[in-house]
Undergrad: 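Have a look at this one.
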Amino acid sequence: MSDEIGYVYVRVADAVEAEIRAGRLPYGARLPNERDMGTQYGVAPGTARRAVQELRDRGLVVTLPNKGTFVTVRQGGESGELPGADS
């Protein structure tokens, strides 16, 4: 992660969003769990948890209890509903 001033969780969310927009995390892809995401981005699991919340707030992912967090944006930027994703 960079040394820019700002919240670390926002930088992590921005990095994941870039992966989604670039198609490296396609529609329906499952995000790593918080511990693995923390390791991947060099942050604490709590920071990864806050980044996932930010991604949910941006409408890019949905978290299904006991299943995980999944990308809900298709190529081209349109959001879709994952099967079994009840809000």
Side-chain angles (χ1 to χ4, degrees):
M1 306 278 18
S2 75
D3 291 332
E4 294 177 27
I5 296 174
Y7 293 108
V8 175
Y9 77 88
V10 172
R11 290 197 302 260
V12 173
D14 289 345
V16 175
E17 181 174 1
E19 295 288 309
I20 291 169
R21 301 285 181 203
R24 290 186 288 273
L25 283 172
Y27 173 80
R30 186 175 187 269
L31 268 55
N33 66 38
E34 292 164 358
R35 187 176 315 160
D36 291 343
M37 183 180 283
T39 300
Q40 180 177 347
Y41 290 97
V43 299
T47 302
R49 181 179 311 116
R50 184 63 183 94
V52 170
Q53 178 63 53
E54 178 70 18
L55 293 166
R56 280 195 299 266
D57 292 346
R58 295 179 189 184
L60 299 171
V61 300
V62 64
T63 300
L64 303 175
N66 301 316
K67 290 190 177 184
T69 300
F70 300 88
V71 175
T72 59
V73 176
R74 297 182 187 275
Q75 278 301 97
E78 44 184 85
S79 290
E81 188 80 17
L82 289 173
D86 297 326
S87 295

Undergrad: Can you name the closest pair of heavy atoms from Val12 and Met37 and give their distance?
TA: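 So the two residues come closest at CG1-SD, 4.4 Å.
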Undergrad: Is it the case that one hydrophobic cluster holds both Val61 and Val43, taking links as side-chain heavy atoms less than 4.5 Å apart, direct or via other members?
TA: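 As far as the 4.5 Å side-chain criterion goes, Val43 and Val61 are connected within one cluster.
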Undergrad: Check Thr63 against Pro65 and note the closest heavy-atom contact, atom names and distance.
TA: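 Heavy-atom minimum between the residues: O-CD, 3.8 Å.
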Undergrad: First locate atom CG of Leu60, then atom CG of Leu31, and finally report the distance between them rounded to the nearest 0.5 Å.
TA: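 Between Leu60 CG and Leu31 CG, I get 10.0 Å after rounding to 0.5 Å.
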Undergrad: Side chains of Thr72 and Arg56, heavy atoms from C-beta outward: is any pair under 4.5 Å?
TA: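 No; the side chains remain at least 4.5 Å from each other.
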Undergrad: Could you check if a side-chain atom of Tyr41 sits within less than 4.5 angstrom of a side-chain atom of Val16, using non-hydrogen atoms only?
TA: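 They are in contact (side-chain heavy atoms under 4.5 Å apart), so the answer is yes.
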Undergrad: Between OG1 of Thr47 and CD of Glu54, what distance do you get to the nearest 0.5 Å?
TA: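 Reported value, rounded in 0.5 Å steps: 13.0 Å.
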Undergrad: Does the side chain of Arg21 reach to within under 4.5 Å of the side chain of Val73, using non-hydrogen atoms?
TA: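 Yes, close enough: below the 4.5 Å cut-off.
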Undergrad: For Arg49, what residues pass the side-chain contact (heavy atoms from CB on, under 4.5 Å) criterion, not counting sequence neighbours?
TA: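 In terms of side-chain contact (heavy atoms from CB on, under 4.5 Å), with neighbours along the sequence ignored, Arg49 is linked to Glu34.
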Undergrad: Mind running side chain to side chain donor-acceptor pair (under 3.5 Å) on Gln40 and Asp36 for me, showing each step along the way?
TA: CA-CA 6 Å; Gln40 180 177 347; Asp36 291 343; over 6 Å; no
Undergrad: Atom CD1 in Ile20, atom OH in Tyr27: separation rounded to 0.5 Å?
TA: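 Ile20 CD1 to Tyr27 OH: 12.5 Å, rounded to 0.5 Å.
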Undergrad: Regarding Asp14 and Arg58, does a basic nitrogen lie under 4.0 Å from an acidic carboxylate oxygen?
TA: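 The answer is yes: the pair qualifies as a salt bridge.
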Undergrad: How far apart are the closest heavy atoms of Ala48 and Gly38, and which atoms are they?
TA: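 The pair with the smallest heavy-atom distance is CB-N, 3.9 Å.
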Undergrad: Which residues pass the side chain to side chain donor-acceptor pair (under 3.5 Å) test with Glu19, not counting sequence neighbours?
TA: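 Partners of Glu19 by the side chain to side chain donor-acceptor pair (under 3.5 Å) criterion, ordered by chain and then number, come out as Arg24.
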Undergrad: Please enumerate all residues that pass side chain to side chain donor-acceptor pair (under 3.5 Å) together with Arg35, with sequence neighbours excluded.
TA: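 Scan of Arg35 (side chain to side chain donor-acceptor pair (under 3.5 Å), adjacent residues dropped) gives none.
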